[in-house]
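Please read all numbers here as calculations on a predicted model, not as lab measurements.
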Amino acid sequence: MKVAELNGFAAAARELGVTRTIATRYVSELEDELGAQLLVRTTRKVSTTVAGRLYLERMQTLLADLDRADELINQQHATLSGELCLSAPVSFGQRFLPRVLAGFRESYPEVLLKIHLTDRFIDIIEEGFDMALRISGPPEDVSTIWRKIMPIRRSIVVSPGYLRTAPPLEQPEDLGGHAILGYSHFPGGQSWKLTHCRTGEVRSATVRHGFESNSGELIVASALGNGGVSMLPDFLVRDELAAGTLRRILTDWTPPEIWLTAFYPPYEMLPAKVEAFTGFIEEQVRAFPDVTGQVVV
């Protein structure tokens, strides 16, 4: 194209930063590939043939479309607009995200949030999400990148009614004699590893699930109905702990650490809308300590 636009190999080579020999060879190889002469070469100038003019016009159109496509992609990456597809845990999404969404939409009205609530660990790449919020232990997915946002406190809780008729619950080993309300996605399964707050001693307790669900809300309701012992994030039971309808037990022992974590596809650089939403979530979490369970009861 440059040879035709500038009517010469030397001028085109200078603008492209290559030698005249290389420019000449590229054009000759293109003509061989197309099976048509694109340029008429004389000692004084270079001009296009009919085939050359047709090819030049089509290539100019195609390159202009390519430039526009590049511009759109760069704009999408750099500006705060367009769709942002997010996956988040169900209970966290229902209890915390509503207070976030209004503020985010006010600050970034051109971003359309599409939120899918599920406790399943979705494949953000295969399922087409821009990011995912998860509450879990250390990440194991090597195909994504992630950023810890905040630790999430968990407690072992029961109802006062359950405690009145239950066997003693003073040591981790005592859990084996109780009905456990199990969370389906808890990585420890039927073995709970607990660490003593002061001594650092670690004990494992084998537990028996009398009930199991993938719904934190259902487990809370079952615990309130004297159904058994459960280990839950404090943001799920904040109100119940404050009201005394659920109580913490084994308070000297802590479960393994879990975090609210943001997961992303393997971006080289986070799109502006993803970075903005992550930062907004971080600010809101720190503004509402009940999310991490920092509550005195």
Side-chain angles (χ1 to χ4, degrees), residues 88-92 118-122 132-142 144 146-159 162-163 166-224 226-238 240-241 246-263 285 289-297:
V90 175
S91 297
F92 177 81
T118 179
D119 289 332
R120 177 176 60 88
F121 278 19
I122 56 99
L133 295 174
R134 294 175 180 168
I135 296 176
S136 66
E140 298 179 355
D141 187 351
V142 297
T144 59
W146 48 272
R147 183 158 89 197
K148 286 181 175 179
I149 295 177
M150 182 74 77
I152 300 293
R153 177 179 174 180
R154 287 184 294 174
S155 296
I156 301 171
V157 299
V158 295
S159 67
Y162 179 86
L163 286 175
L169 270 167
E170 298 175 354
Q171 299 295 329
E173 294 81 3
D174 296 334
L175 290 166
H178 291 264
I180 301 297
L181 307 176
Y183 179 58
S184 303
H185 297 290
F186 177 56
Q190 297 194 1
S191 178
W192 288 6
K193 183 177 290 187
L194 303 176
T195 302
H196 197 275
C197 298
R198 293 186 297 277
T199 67
E201 179 188 0
V202 178
R203 294 188 192 175
S204 294
T206 300
V207 298
R208 175 178 56 85
H209 285 184
F211 169 84
E212 186 175 297
S213 175
N214 65 347
S215 168
E217 303 285 354
L218 183 56
I219 294 173
V220 172
S222 299
L224 290 170
N226 305 329
V229 182
S230 58
M231 181 192 297
L232 292 167
D234 279 17
F235 72 80
L236 262 181
V237 291
R238 176 184 172 87
E240 291 78 8
L241 290 172
L246 289 178
R247 294 181 184 173
R248 289 190 179 99
I249 58 170
L250 299 177
T251 54
D252 288 337
W253 298 87
T254 60
E257 186 175 74
I258 60 173
W259 285 71
L260 174 63
T261 306
F263 283 75
V285 165
D290 57 302
V291 175
T292 57
Q294 298 168 15
V295 55
V296 178
V297 295

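Taking 4.5 Å as the limit, some side-chain heavy atom of Leu224 sits within range of a side-chain heavy atom of Glu240. Using a 4.5 Å cut-off on side-chain heavy atoms (C-beta onward), Arg154 and Pro256 make contact. Looking at Ile152 and Trp259, their side chains never come closer than 4.5 Å, going by heavy atoms from C-beta outward. Between Leu250 and Asp174 the shortest side-chain heavy-atom distance does not fall below 4.5 Å. Between Pro172 and Trp192, the closest side-chain pair of non-hydrogen atoms is not below 4.5 Å. Ser230 has its side chain within reach of Ile219: a pair of non-hydrogen atoms, C-beta onward, lies under 4.5 Å apart. In this structure, Leu169 and Val229 have side chains that are in contact, with non-hydrogen atoms separated by less than 4.5 Å.
When all heavy atoms of Ala179 and Gly227 are compared, the pair lying nearest together is CB-O, 3.9 Å. Between Ser91 and Leu236 the shortest heavy-atom distance is CB-CD2, 3.6 Å. Of all the heavy atoms in Leu194 and Met231, the pair that sits closest is CD2-CE, 4.1 Å.
To the nearest 0.5 angstrom, Thr206 atom OG1 is 10.0 Å from Leu175 atom CG. Interatomic distance, CG of Asn214 versus CG of Asp119, reported as 6.0 Å (0.5 Å rounding). Rounded to the nearest 0.5 angstrom, Leu133 CG and Ile149 CD1 are separated by 5.5 Å. Atoms CE and CD1, on Met150 and Ile135 in that order, are 12.0 Å from each other to the nearest 0.5 Å. The CD1 atom of Ile258 lies 12.0 Å from the CZ atom of Arg153; values are rounded to the nearest 0.5 Å. Taking CG of Leu232 as the start and CD of Glu217 as the end, the distance is 9.5 Å to the nearest 0.5 Å.
Formation of a donor-acceptor pair under 3.5 Å by the Ser213 side chain with backbone atoms of Ser215 is found in this model.
By the salt bridge (Lys or Arg N to Asp or Glu O under 4.0 Å) test, Asp252 pairs with Arg198, sequence neighbours left out. Applying the side-chain hydrogen bond (donor to acceptor under 3.5 Å, both in side chains) criterion to Trp253, with sequence neighbours excluded, gives no partner residue. Legend: residues meeting side-chain contact (heavy atoms from CB on, under 4.5 Å) with Ser159, ordered by chain and number and at least two apart, are Tyr162, Asn226, Leu246. When the side-chain contact (heavy atoms from CB on, under 4.5 Å) test is applied to Thr195, the partners found at least two apart in sequence or on another chain are Val202, Thr254. Considering only residues two or more places apart in sequence or on other chains, Glu173 meets the side-chain contact (heavy atoms from CB on, under 4.5 Å) condition with Gln171, Arg203. Residues satisfying the side-chain contact (heavy atoms from CB on, under 4.5 Å) test with Thr199, not counting sequence neighbours, are His196, Glu201.
Using bins of under 30°, 30° to 60° and over 60° for the plane-to-plane angle, the ring pair Phe92/Phe235 lands in the perpendicular bin.
A salt bridge links Asp234 to Arg248: at least one charged side-chain nitrogen sits closer than 4.0 Å to a carboxylate oxygen.
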